[in-house]
Amino acid sequence: MIGAFVDGLTQFFLPTHLLAVVALGLLAGQDAKRFPVAAVAAYAFGLAAGSVLIAAAVREQNTGPVLLAVAALAGIAVAIARPVPRAVQALSACLTGGAVALNTPPQAITIPSAVAAQTGAAIAAFAMLTIVVMIGMRARGAWHRIGLRVVGSWIAASAVLVLALRLAR
């Protein structure tokens, strides 16, 4: 059971997931004076909804392009450094959370192991978003903000390149 939980933790750390979650976290924390509870709660709701869909035996969906598109758009918004409405942040957070959960189906044989693996993946995804939001909120100096904009532009460029390669096939 513990092994399945750890497998779920490590299953989250795919480049597609990391691009989307880091871009979303930087976007939510970029101009936040207080912790962006709405975006983080929407992300948790998306994770829970996607996990329930996986448990309901919804067949595996190819949500990689959705994650890449969200990563590209969020990365562009971070690079532009203009405030994004909270409703847009919450909607993209919910979409990202659901897509991450649907893109990490557990590879376990038994139901308890599958639940443990899905729980581990959800905890890793939630912790990663929270950490990146806190990093984005703490960046107050001019050089810090420029660094965040550079990271946002790299995420956007990487996501667009990978998305273009996937669509060209």
Side-chain angles (χ1 to χ4, degrees), residues 8-32 36 38-51 53-54 58-107 118 120-139 143-169:
L9 284 172
T10 58
Q11 188 178 3
F12 165 74
F13 293 103
L14 298 173
T16 307
H17 297 164
L18 292 175
L19 285 174
V21 172
V22 169
L24 179 67
L26 291 178
L27 180 65
Q30 188 174 20
D31 290 320
V40 174
Y43 182 72
F45 176 77
L47 280 173
S51 296
L53 287 174
I54 288 290
V58 171
R59 66 183 185 93
E60 185 176 338
Q61 302 294 320
N62 185 13
T63 57
V66 173
L67 288 170
L68 289 169
V70 169
L73 293 174
I76 290 169
V78 169
I80 293 173
R82 297 275 186 239
V84 176
R86 299 285 182 219
V88 172
Q89 288 181 9
L91 180 64
S92 61
C94 186
L95 179 67
T96 303
V100 164
L102 284 173
N103 203 29
T104 55
Q107 305 297 321
Q118 193 70 22
I123 288 173
F126 187 77
M128 177 62 76
L129 179 76
T130 305
I131 289 168
V132 175
V133 165
M134 295 302 289
I135 290 170
M137 288 177 64
R138 300 281 187 241
W143 286 104
H144 298 140
R145 297 186 61 78
I146 290 171
L148 290 182
R149 291 178 74 181
V150 168
V151 170
S153 67
W154 286 350
I155 289 172
S158 300
V160 167
L161 285 173
V162 173
L163 192 58
L165 287 172
R166 282 191 179 187
L167 295 176
R169 290 185 191 173

With sequence neighbours left out, the residues meeting side-chain hydrogen bond (donor to acceptor under 3.5 Å, both in side chains) with Q30 are none

[X] side chain near [Y] side chain, heavy-atom distance below 4.5 Å:
X	Y	answer
V100	M128	no
V132	V21	no
L102	L53	yes

>> Check whether S153 reaches the backbone of V150 with its side chain - one donor and one acceptor, N or O, closer than 3.5 Å.
In response: yes

Atom [atom1] of [X] and atom [atom2] of [Y]: how far apart are they, to the nearest 0.5 Å?
X	Y	atom1	atom2	answer
L24	Y43	CG	OH	7.5 Å
L68	H17	CG	NE2	9.5 Å
N62	N103	CG	CG	7.0 Å
I54	T104	CD1	OG1	7.0 Å
L47	T96	CG	OG1	9.5 Å
L67	L19	CG	CG	9.5 Å

Considering all heavy atoms, the nearest [X]-[Y] contact:
X	Y	result
G75	A23	N-CB, 3.9 Å
A139	L148	CB-CD1, 3.3 Å
A28	P36	O-CG, 3.6 Å
G152	V78	CA-CG1, 3.9 Å
A159	A72	CB-N, 3.8 Å
R149	A79	NE-O, 2.8 Å

Applying side-chain contact (heavy atoms from CB on, under 4.5 Å) to P83 and not counting sequence neighbours gives D31

